[in-house]
Protein chains: 2
Amino acid sequence: MKKPVQVYPDRVEAPHVSDATLREFAGYHMKRAFNVIQADVNRTLKPFELRMVTFSTLTLIVDNPGLRQAQLADALAVERPNLVVIIDELERRDLIVRNRVPTDRRAYALNATLTGHRLHGQALAAVRGHEARMFRDLDQATKDVLISVMEGIRQYPEGSET
Amino acid sequence: MKKPVQVYPDRVEAPHVSDATLREFAGYHMKRAFNVIQADVNRTLKPFELRMVTFSTLTLIVDNPGLRQAQLADALAVERPNLVVIIDELERRDLIVRNRVPTDRRAYALNATLTGHRLHGQALAAVRGHEARMFRDLDQATKDVLISVMEGIRQYPEGSET
DNA sequence: TATTGTTATACTCTATAACTATA
DNA sequence: TATAGTTATAGAGTATAACAATA
C-alpha cells in the first residue's frame, strides 16, 4: 500500500514545517505533552462522568475528611469562586456533602458519601491505568526525576524574576 | 442499609492537607508545573501584547515563510477554526500578512512583516529569559531527559490504549 | 476589619459541525 | 468529491471584583 500522494505542484514553500526555535523551550514540549495527557485522562474518566479537576477534588475530599473549601482551593491551586461550581457538581451527584462547621458557621466541612467513595475507588483504578499507559516507556528512576523537576517548578513563587 | 454517618464533632480544621494519592501521578505534577510556566510566560509576553499561542504562531511564521494555515494548525496542534482568530489578531496588528497563493486560490501563504520580525526578536529574547528562570536549577542533561520524555508522550496516538 | 463561601463576569483554550470557494 | 479557510457555537479552564454572613 502506497502513501497517499500529496501534490503541491510548483510549490515554493517547504513541505515540512520547522519548529526549531520552539523546540529549544522545555515549556513548549510540556504544553504539547500535557495536552496529550489531559485528553487521555479525560477520556479515561468519561465513564465516571468525571474530569481531571473533579477527580482531583474528590480525591482530596476522600483523603481529607472534613476539609474546608478554602483549604481545598489552596491545595488544588484553584480560585475559590471556581471551586464552588466544582463542589456544586459533586454535591448534586451525591458524591460529597457540605456539612456546616459548628465552630465556624461561615465554613463547610466537606465529606465524601458512600457513593462518592465507591466511584472514587473505581476512577482511581482507571487513572492508574492511564498513568501506566502514558509513562510506560519510563523506568521508575526517570519518572522520579521528572516528578522532582515538576515539583521544583511548581514551587516557584509568583514574581520570582531574579 | 444505613446511611454513612457524617459526624466530625469537634474538628477545628485539618492543619495540613494530604495529597498523597494525587502525588503518585506524574500527570498531576505536570499540570501544576505547567500552570506555573504558563502564567510566567504570559507575564513575560504581556509587554509585547502576546500570549503563548500567539508567540508560537508568530515564531513558526517567521521560521517558515509562506506557510499555509492548515500546515500551521497541524504544526501547532491547534484546530483550524481556532487558528483563524489567532491569525486575525496577528494580521490586525500588522505583524503578519495573508498572501494569496497563486497556484491554489483557496490557500493563504503567511509571512511576517518587518514589524512582526522585530517584535518577534524582542519577544524571543524575553522568552529565553523566562525559560532560563524556570529551569535554572536543571543541568542540561536533565533538561534533555525532560524534553525527550515530553516528546515521547506527545507522539502517542489518540487511541493508544493497549 | 478580615475571612468563608458565593455571585457575576470575562477572557482564554479547546473542540465540532457546517458553510464558501476553490481544486 | 475533497481541501483551505471560515463562521458559529459550546464546553472547559482561569482570573478578578464585590457581596452577605460570620469571625
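Chain A is the first sequence line, chain B the second, and so forth, proteins listed ahead of strands; every chain is numbered from 1.
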Subject >> B/E131 and B/R128: CA distance, side-chain angles, deciding distance, salt bridge (charged side-chain N to carboxylate O under 4.0 Å, His left out) verdict >> reply: CA-CA 5 Å; B/E131 179 86 0; B/R128 285 191 171 128; over 6 Å; no
**OP:** Indicate whether OP1 or OP2 belonging to C/dA2 is found under 4.0 Å from a side-chain N or O atom of A/R106.
**Re:** no
**OP:** State, to the nearest 10°, the angle formed by the axis through the first five base pairs of the helix from C/dT1-D/dA23 to C/dA23-D/dT1 and the axis through its last five.
**Re:** 10°
Original post:
What's the shortest heavy-atom distance between B/S18 and A/D63, and which atoms?
Top reply: O-CB, 4.2 Å
Original post:
Should B/V97 and B/I61 be counted in the same cluster of Ile, Leu, Val, Met, Phe, Trp and Tyr side chains packed under 4.5 Å apart?
Top reply: no
Subject >> For A/E91, salt bridge (charged side-chain N to carboxylate O under 4.0 Å, His left out) partners two or more places apart >> reply: A/R98
**OP:** Give the nucleotide from the list C/dT16, D/dA17, D/dA4 with an atom nearest to the side chain of B/A107.
**Re:** D/dA4
Subject >> D/dG5 phosphate, OP1 or OP2, under 4.0 Å from B/R105 side-chain N/O >> reply: no
Original post:
Would B/Y108 and B/R68 count as having a side-chain donor-acceptor pair, cut-off 3.5 Å?
Top reply: no
Subject >> Option from A/T44, A/N42, A/T57, A/L90 for which side chain to side chain contact (heavy atoms under 4.5 Å, CB included) with A/L50 holds >> reply: A/L90
**OP:** Ignoring backbone atoms, test whether A/Q69 places a side-chain nitrogen or oxygen under 4.0 Å from the OP1 or OP2 oxygen of C/dT6.
**Re:** yes
Subject >> Closest-nucleotide 5' rank along DNA chain D - winner of A/V53 and A/R80 >> reply: A/V53
Subject >> Nucleic acid contacts - residues 27-36 of chain B versus DNA chain D, non-hydrogen atoms under 4.0 Å >> reply: B/K31, B/N35
**OP:** Determine the contact category for A/V78: base if any of its heavy atoms lies under 4.0 Å from a base atom, sugar-phosphate if only primed atoms, P, OP1 or OP2 are that close, otherwise nothing.
**Re:** nothing
Original post:
Side-chain N or O of A/R98 less than 4.0 angstrom from OP1 or OP2 on C/dT6?
Top reply: yes
Original post:
Does CZ in A/R105 sit with more than 12 non-hydrogen atoms of other residues, nucleotides or ligands closer than 6.0 Å?
Top reply: no
Subject >> Polar side-chain contact B/D104-D/dA4 base: donor and acceptor under 3.5 Å >> reply: no
Original post:
Is there side-chain contact between A/V17 and B/L67, with heavy atoms separated by less than 4.5 Å?
Top reply: yes
Original post:
Do you know the tightest heavy-atom contact between A/I153 and B/A33?
Top reply: CG2-O, 3.8 Å
